[in-house]
Amino acid sequence: LKKDLKVITDGIEMGRKTYINVTNYIKATLSSNFGNFYTMAFATLIMDSLPMLPTQILLLNLLSDFPMVSIASDNVEKEEIRNPQSYNTKESLILASLLGIVSTLFDFVALGIFSRLGMEKLRTCWFITSVATELSLIYIIRTKKPFFKAKLAPSIHLTALSILALGATLALPFTKLGQEVFFFVSPTTYNLLLILGIVLGYILTTELVKSLYFRYKNF
């Protein structure tokens, strides 16, 4: 309704930002779901009991999806919206599948490390690891560059909700609610340091796979 042609360019820019954020959401969701599916499918074949209870899986989905709501408001780099883009289902599926495999590999690293500590401790530590890796994936997938080289920082909403989700994840195993409703046990400092090491390894590997994919995808 404004008598100004700038609203046309603003509308185009908003549309391109929306497309990129929707695509990032799809890639992050598919990667996480593929990883969880692969892990649960293989783990149930080799383990006598479920590596994560149904209520814990639902809580995992809630906490990891919670920050994804704010992806719609995330900042997008100028070079990403300089040219029009078209939906590329193939790229999303291939990248999500590759990152899902990376997630599964590190899930089994976590299962192997914590399996000797008992099923309750295993479920607790794997739960924390899963939430942390899925939260980190949001920041990795939002840019084709290494996430620490992104020119634009994540939106304040995305950052705040991620911190809130991670804080709740770390706090729950120490609370009565977490222990009686979700059957968590309190992890030790050593357990948390192991989780941190696994998450850092996951971040580095995921960044490497993402970088190699975008470098060689047209070959």
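- Between the side chain of Thr104 and the backbone N or O of Gly35 there is at least one donor-acceptor pair closer than 3.5 Å.
- Contacts classified as salt bridge (charged side-chain N to carboxylate O under 4.0 Å, His left out) and involving residues 4-14 (residues at least two apart or in different chains) are given here: Lys6-Asp10, Glu13-Lys17, Glu13-Lys78.
- When all heavy atoms are compared, the tightest approach of Ser136 to Tyr202 is OG-CE2, 3.6 Å.
- Side chain of Arg123 to main chain of Leu50: a donor-acceptor pair is present (N/O by atom type, distance under 3.5 Å, no hydrogens or angles).
- Identified under the salt bridge (charged side-chain N to carboxylate O under 4.0 Å, His left out) test for residues 89-116, with sequence neighbours left out: Lys27-Glu91, Glu91-Lys217.
- Distance alone, capped at 3.5 Å, is enough to place a donor-acceptor pair between the Ser115 side chain and the Gly112 backbone.
- Using a 3.5 Å distance cut-off with no hydrogens or angles, the side chains of Tyr139 and Ser162 do pair a donor with an acceptor.
- When the ring-ring contact (aromatic ring centres under 6.0 Å, His included) test is applied to Phe184, the partners found at least two apart in sequence or on another chain are Phe127.
- The closest donor-acceptor contact from the side chain of Thr44 to the backbone of Ala41 lies under 3.5 Å.
- Listed by chain and residue number, nothing satisfies the side chain to side chain donor-acceptor pair (under 3.5 Å) test with Thr133 (two or more places apart in sequence, or in another chain).
- Shown here are the side chain to side chain contact (heavy atoms under 4.5 Å, CB included) partners of Val185, two or more places apart in sequence or in another chain: Glu120, Lys121, Thr124.
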Next on the checklist: The test is side chain to side chain contact (heavy atoms under 4.5 Å, CB included); show your working for Arg215 and Ser211 and say whether it passes.
Outcome noted: CA-CA 6 Å; Arg215 181 180 299 178; Ser211 176; 4.0 Å; yes
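- Applying the side chain to side chain contact (heavy atoms under 4.5 Å, CB included) criterion to Lys145, with sequence neighbours excluded, gives Glu77, Glu79, Thr143, Lys151.
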